[in-house]
Amino acid sequence: MRKLGSHLHRPLLRWVAGSAATIIALTSVAGSTAAHAPDPFFAGGPFGQNQVLQYRWRGGAEPSSVIKAAISAAAADANASRASKAATFAYNTSGSNPIGYGVGATCGVNGLACFTRDVPNGFTIWLREQGHVYDWGTLKWCQAYGSPPNGCYDAETITLDELGHVEGLDHHVNYADNSDYLDAVVQTYSRTKPSAGWNAHAFGRCDIATLQMFYDMLNTSARYSTCLDLNTVLTLSASPPLIAPYGTSSLTASLKVYDADSYRLLGGNLVSGRTVTLQRRAPGATTWTTVGSMPGGSAAGTYVLNQQLSATTDYRAVFGTPSNEGINGSTSPTIRVYVSNCTASFVGIRPDGPCV
């Protein structure tokens, strides 16, 4: 499905609007447009995971050298900050996705920049020329000056915004006071120098949250955006669950993201490289004692710690809510490791029953 966007601007702020058909076709991520949530997502779906979108300069409408540099820097910014398997951007003289600059821009009468996306085939981007006259004033690209003046737009930031749209991101929905403005680059209003966020060169956390939901994580150890609020599920097993006195049982925890449809591609993901703690108590006791952290296992999302026991013991695994990512802590169900002198007699008999 082909999507179009034309961006309208006012001094210090940038208002972005698409055609009526485009706006009607938008959908929201996880069915919510609440402030401080992940960015909404365009209808039409994402590109392929890690799909490389090669761009070239549009014939007869090549950007100036400083704007070319800003566009290429924005492509590198998008690649470096996507924190997901979102599409990447690369310049190629024969690339199929043209980026143009100048008076031929098809962005509407007040458009500063605009894009199209045609999944899975590609995209286009246009930027207006330096000095273009609008009803609100004259366009100034910061890159066109040795010492950028106040009131100029950073072409790298604006292009990063456009590339976010190409990936599928719609405008972030902010609090009424815009206190969360820096959570996203893909904004309805883009700021000019020197307002906070005027030269953002990385996707914001709520841009990244949506990219992660629609494109998935780079790997099981990657951190989830703090703009997300995902529940996790922690399980624990023992092998063997029945041992002789002073025998050893291997305790294995498995950590996953809860498998909810609203989490899109993140639901059910294995989660590696976190801190999972093993706790124990005597059967019938109410107080837990921390044994220690469980090292990562050989399988993704697993954590393993061996225990040598002289008496039957209850165990649970605990994953505390981290402060640096958007997943919540969880605690496994309690399991029991049995210790007995008559383990050979327990075929078909409860392991806590009498020896026979």
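In this chain, residues are counted from 1 in sequence order.
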* Hey, is CG on Asn306 packed in by over 12 heavy atoms from elsewhere, all under 6.0 Å? -> yes

* Atom NZ of Lys256: over 12 foreign heavy atoms under 6.0 Å ->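 Counting neighbours around NZ of Lys256, 12 or fewer heavy atoms of other residues, nucleotides or ligands fall under 6.0 Å, so no.
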
Do you know which two heavy atoms are closest between [X] and [Y], and how far apart they sit?
X: Pro38; Y: Met213; answer: CG-SD, 4.3 Å
X: Arg117; Y: Gly45; answer: NH2-O, 2.9 Å
X: Asn178; Y: Asn174; answer: OD1-CB, 3.4 Å
X: Ala113; Y: Cys107; answer: C-SG, 3.6 Å
X: Asp39; Y: Thr210; answer: O-OG1, 2.6 Å
X: Ser190; Y: Asp161; answer: OG-OD2, 3.6 Å

Spell out, yes or no, whether [X] and [Y] are grouped together once hydrophobic residues are joined by side-chain heavy atoms under 4.5 Å, including indirect joins.
X: Val166; Y: Val119; result: yes
X: Phe123; Y: Tyr91; result: yes
X: Leu218; Y: Ile327; result: no
X: Val52; Y: Phe203; result: no
X: Tyr258; Y: Leu228; result: yes

* Given Asn328 and Asp229, is the side chain to side chain contact (heavy atoms under 4.5 Å, CB included) satisfied, shown in steps? -> CA-CA 7 Å; Asn328 299 316; Asp229 185 21; 2.9 Å; yes

Within a strict 4.5 Å, meaning less than it, do heavy atoms of the [X] and [Y] side chains meet?
X: Ile335; Y: Leu251; answer: yes
X: Ser239; Y: Thr252; answer: no
X: Tyr303; Y: Leu278; answer: no
X: Arg280; Y: Asp314; answer: no
X: Gln307; Y: Val337; answer: no
X: Phe89; Y: Asn79; answer: yes
X: Gln308; Y: Ile243; answer: no
X: Thr124; Y: Thr106; answer: no

* For side chain to side chain contact (heavy atoms under 4.5 Å, CB included), just list the numbers for Leu266 and Met217, CA-CA rounded to whole Å, side-chain angles, deciding distance to a tenth of an Å, and then say yes or no. => CA-CA 7 Å; Leu266 304 182; Met217 306 297 287; 3.7 Å; yes

* Pick out which of Ile99, Asn97, Ile71, Ile158 makes a side chain to side chain contact (heavy atoms under 4.5 Å, CB included) with Ile125. =>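 Only match with Ile125 under side chain to side chain contact (heavy atoms under 4.5 Å, CB included): Ile99.
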
* Asked: Can you tell which of Phe42, Phe41, Tyr263, Phe47 makes a ring-ring contact (aromatic ring centres under 6.0 Å, His included) with Phe214?
  ->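 Of Phe42, Phe41, Tyr263, Phe47, ring-ring contact (aromatic ring centres under 6.0 Å, His included) with Phe214 is met by Phe41 alone.
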
* Asked: When you check the side-chain N and O atoms of His165 and Glu162, is any donor under 3.5 Å from an acceptor?
  ->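 No, Glu162 and His165 have no side-chain donor paired with an acceptor closer than 3.5 Å.
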
* To do: Examine the side chains of Ser72 and Tyr55 and answer whether a donor and an acceptor come within less than 3.5 Å of each other.
  => yes

* Among Thr232, Asn231, Thr321, Thr235, whose side chain to side chain donor-acceptor pair (under 3.5 Å) with Ser330 holds? -> Thr232

* Give the intermediate values and the outcome of side chain to side chain contact (heavy atoms under 4.5 Å, CB included) for residues His201 and Thr157. => CA-CA 6 Å; His201 294 163; Thr157 300; 3.6 Å; yes

When rounded to the nearest 0.5 angstrom, what is the spacing between [atom1] in [X] and [atom2] in [Y]?
X: Leu309; Y: Thr248; atom1: CG; atom2: OG1; answer: 8.0 Å
X: Trp198; Y: Cys142; atom1: CH2; atom2: SG; answer: 4.5 Å
X: Ser225; Y: Gln212; atom1: OG; atom2: CD; answer: 5.5 Å

* side chain to side chain contact (heavy atoms under 4.5 Å, CB included) between Val66 and Tyr145, worked out -> CA-CA 10 Å; Val66 292; Tyr145 303 89; over 6 Å; no

* Salt bridge between Glu325 and Arg274, side-chain N to carboxylate O under 4.0 Å? ->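 Here Glu325 pairs with Arg274 in a salt bridge, since their nearest N and O are under 4.0 Å apart.
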
* Ring centres under 6.0 angstrom apart (Trp57, Tyr101) -> no

